[in-house]
Amino acid sequence: MDYKEIIPITVLRKFDAMCLHNEYLHQNKEFQQQILSWAADMLEEAREDWGKLYATTFEAIVAEDRKAQAKKRGKARDNKYAPFREYFKKVQKERFMEYKKAGLVLKASEFLRWFLENNENIVIPYKKSNQHHKLIGLAQENNREFKKYL
């Protein structure tokens, strides 16, 4: 086994100096080989552990970065829908108050049906395939908020 590939040359020089100054180590080449073998094994194990630690740390950093990027994209997408949501909420609140004055309860599905029939020229930013589901959810959320405050 070539220890120069595993143990850094500066460490080998320090070991040689230690062997020169220690009479027992200087005379016992077999013990020197055992020490070098032990040091090489220890370094290999430590490098494996460091590699695992590095990989785990790197994976955690990448995962955290992906979460942060997803949150940023989510906020940007949310900002795209914000003006429509505000308009939708305003119209729903007016309709909610009309129903309340009449002693009726405005259901989310009723409001959505009325909204789609009476606001045909409004551009709804949600995809057509998911539009009805999103608008019902938004109307239900708004209704809960209106009931809480009124």
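Just the heavy atoms: all of them, side chains too, but no hydrogens, waters or symmetry mates, feed the values below.
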Within this structure, what is the [atom1]-[atom2] distance for the pair [X] and [Y], rounded to the nearest 0.5 Å?
| X | Y | atom1 | atom2 | answer |
| --- | --- | --- | --- | --- |
| Ile136 | His132 | CD1 | NE2 | 4.5 Å |
| Leu43 | Trp50 | CG | CH2 | 6.5 Å |
| Arg77 | Lys80 | CZ | NZ | 8.5 Å |
| Arg73 | Arg66 | CZ | CZ | 10.0 Å |
| Leu112 | Gln140 | CG | CD | 10.0 Å |
| Ile61 | Thr57 | CD1 | OG1 | 6.5 Å |

Should [X] and [Y] count as side-chain neighbours, where that means a heavy-atom distance under 4.5 Å?
| X | Y | result |
| --- | --- | --- |
| Lys89 | Phe146 | yes |
| Phe84 | Leu135 | yes |
| Phe88 | Ile124 | no |
| Val105 | Tyr99 | no |
| Asn143 | Phe111 | no |
| Lys75 | Lys72 | no |
| Phe96 | Asn142 | no |

Connected-component partners of Met42 among ILVMFWY, side-chain separation under 4.5 Å:
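Direct or chained contacts put Met42 with Trp38.
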The criterion is salt bridge (Lys or Arg N to Asp or Glu O under 4.0 Å); which residues satisfy it with Glu141, sequence neighbours excluded?
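Listed in chain order: nothing, the list is empty.
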Which residues share a salt bridge (Lys or Arg N to Asp or Glu O under 4.0 Å) with Arg85, sequence neighbours left out
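Result, salt bridge (Lys or Arg N to Asp or Glu O under 4.0 Å) vs Arg85: Asp78.
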Under the rule for side chain to side chain contact (heavy atoms under 4.5 Å, CB included), what residues qualify as partners of [X], not counting sequence neighbours?
| X | answer |
| --- | --- |
| Asn28 | Tyr24, Glu30, Phe31 |
| Lys90 | Glu94 |
| Lys134 | Tyr126, Asn130 |

Main-chain N/O of Trp114 paired with Asn118 side-chain donor or acceptor, under 3.5 Å:
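Here the side-chain-to-backbone pair exists.
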Keeping the roles fixed (side chain from Gln92, backbone from Ala139), state whether a donor-acceptor pair exists under 3.5 Å.
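Yes.
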So that I can tick it off, tell me whether Arg95 and Glu98 are bridged by a salt bridge, with the cut-off set at under 4.0 angstrom between side-chain N and carboxylate O.
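Counted as a salt bridge, because a side-chain N and a carboxylate O are separated by less than 4.0 Å.
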